[in-house]
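One structure below.
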Amino acid sequence: MATTSLSSHLLESLLASLTPGRITALVILFTIASFAIDSTKKPTYPKSLPRVGYSGGIRATIRNWMNLSNYHNWVQEGYNKYGKHGRSFVTPASPSQPDEIIVPREQIAWMLEQPETVLNTQEAHKDVLFGAYNFFNVDDHFPTKVMHKHLARNLVGLLPDIQQEVADSIDIAFGTDTENWNTLNLWEALLAIVPRIMNRLAVGLPLCHNQAFLSSQVGFADDVFRNCLILTLFPTVLHPLVGRLVTLPNWYHFHQGYRLLKPVIEQRLRDFERFESGESQTPPEESLITWLIRQAKADNLPHEQTPYMIAMRLLPIEFAAIHTTVITLHALFLDLLASDPAKNYLSVLREETSTVLQSEPNGIWTKNGLARLYRTDSAIRESMRLSTFSTGLTHRKVVAKEGITNPFEGWHAPYGAILMANMSVQHDPEIYENPQTYDALRFSRVREEYEARSEEEKGDTEEALRIKRLGLVATSSEHLPFSHGRRACPGRFFVAHEVKMMLAHILQNYDIKPIANRPPPTWVAHTIIPALDVKIEVRRRRRKD
């Protein structure tokens, strides 16, 4: 009894001592200690590398953490001071990640040419997106390989289906009233359209029309973005706890989607078996599910042929394809609607899309027809140049134990360091004239002038290649929205066709009122949050008899 009484007394004394002030102090001390432990594990960079932001230990880390909205300004500052003059510099990262070495444009080719055993793309993506938690530690190597091998070769045959989905989903979201203007939240309207179109490619009919399934995929993408922001604020020593807690919604949305997706995958696997055995002469329906199965069979990977793993493999593609496309379209419409009215861009693009579509067989878009939309292509590319949604999308992680030495400047990046290409190059006045102005025809003028020449006047192959590199899907060290090099976004060809068809359908079938000013996004660390409350007014155009 005496022992019990003593234990109770000690417990009461302990609880009494835990005042709000002391609890707050303990939390602060624990957080500082966690940051201190983290700082000892991060790679250290040579002092010869110039830095932006705050530097100098835990205090600097906390100050950087408290200035998340200023990261993009620091990156721009570094580019102006160092990057555009051929020097690398270091920019602060979140408390949970190592600082990043931003290489200048002249060294991007060197960075991208390094083997994956030295500078690794997948490991960088895993760190940036916290893949161990957000994607349940299932890497994106296999689905990326599938996209590279199967998307381009099958996309042409899927264009009629995608065009139909574009028309149906836009008409539902925008309405068909030809008398009255309809006020829409632009972000919500696009979020009702893009997942349907993307999943026509990914899973096919009828699941791409199932709102419960679409909501699960959008919900998962939302989870990833939210969790990335949360996890950047916590030191890595806390990630095993925080990461598992904040990603509980990820598991919920995955299982909600898997419940609906599983029978579709099982049917596709049966279709494969029947076709391969000769029981059926009808090949399986082409979709991302089919390509994942086909590649798994080609590589003899039985574990990749289960419904559960196929559903897992869809997650990074769904995430990449939904929100990045919505952000791109959101920026595109704001750039077009807030541009100089004298430029009359909407009418210019409406005329082009109408002319080309009329020449297409049965009004169905073809690859060649979409490729002839020079002005539409330029308008999209220009928006992606101007309205970047990140300070950088081309990351590489040093995975070689001995690190890597930069041959141009002599600095050495140790194991675990992050190298990145800077998208500030897209706003450089020495590369782009009036870089802060949206010029929808910036890239099409040169292309149209070149195409207007006779064959004799077109010059050599080098000039033809230079003109071709002005297209939407072309990447370079001066245009990085799709990254660059061998690891450039494999889905950019689908995105280009999708966005062109969407813009064409909207311009052909709807009038849209311009807006006076383009509302700015909010920067959080290296990423933007678009102006989600923007509303636009649309009205269905009357058909001309």
key: Six-ring centre of Tyr510, Arg540 cation under 6.0 angstrom, axis tolerance 45°   = yes
query = What residue pairs, at least two apart or across chains, pass ring pair (Phe, Tyr, Trp, His ring centres under 6.0 Å) with a residue in residues 374-404?
reply = none
ask   = What do the steps show when you test Phe482 against Phe493 for ring pair (Phe, Tyr, Trp, His ring centres under 6.0 Å), and what is the final call?
value = CA-CA 10 Å; Phe482 289 121; Phe493 303 98; 8.5 Å; no
request  = Consider only side-chain N and O atoms of Thr394 and Ser483, and report whether a donor and an acceptor are under 3.5 Å apart.
outcome  = yes
message = I need the full list of salt bridge (Lys or Arg N to Asp or Glu O under 4.0 Å) pairs touching residues 249-261, with sequence neighbours left out, sorted by first then second residue.
response = none
key: Cationic N near anionic O, under 4.0 Å, Arg385 to Glu382   = yes
query = Under the side chain to side chain donor-acceptor pair (under 3.5 Å) test, which residues partner Arg492, sequence neighbours left out?
reply = none
task = Tell me, with the steps shown, if Leu288 and Met147 meet side chain to side chain contact (heavy atoms under 4.5 Å, CB included).
result = CA-CA 8 Å; Leu288 183 52; Met147 292 289 283; 3.9 Å; yes
ask   = Between His255 and Trp251, how do the two ring planes meet: parallel, tilted or perpendicular, split at 30° and 60°?
value = parallel
ask   = Which pairs pass ring pair (Phe, Tyr, Trp, His ring centres under 6.0 Å) with one or both residues in residues 202-232, sequence neighbours excluded?
value = Phe135-Phe220, Phe225-Phe319, Phe225-His323
query = CD of Glu188 to NZ of Lys535: how many Å apart, nearest 0.5 Å?
reply = 7.5 Å
key: Heavy-atom pair with the smallest gap, counting every atom of Asp139 and Arg313   = O-NH1, 2.6 Å
ask   = Is any NZ, NE, NH1 or NH2 atom of the basic residue among Lys145 and Asp140 found under 4.0 Å from an Asp or Glu carboxylate oxygen of the other?
value = no
ask   = By side chain to side chain donor-acceptor pair (under 3.5 Å), which residues pair with His150, not counting sequence neighbours?
value = Gln295
task = Indicate yes or no: does Arg294 engage Glu286 in a salt bridge with an N to O separation below 4.0 Å.
result = yes
key: Those residues that, when tested against Glu402, pass side chain to side chain donor-acceptor pair (under 3.5 Å) (two or more places apart)   = none
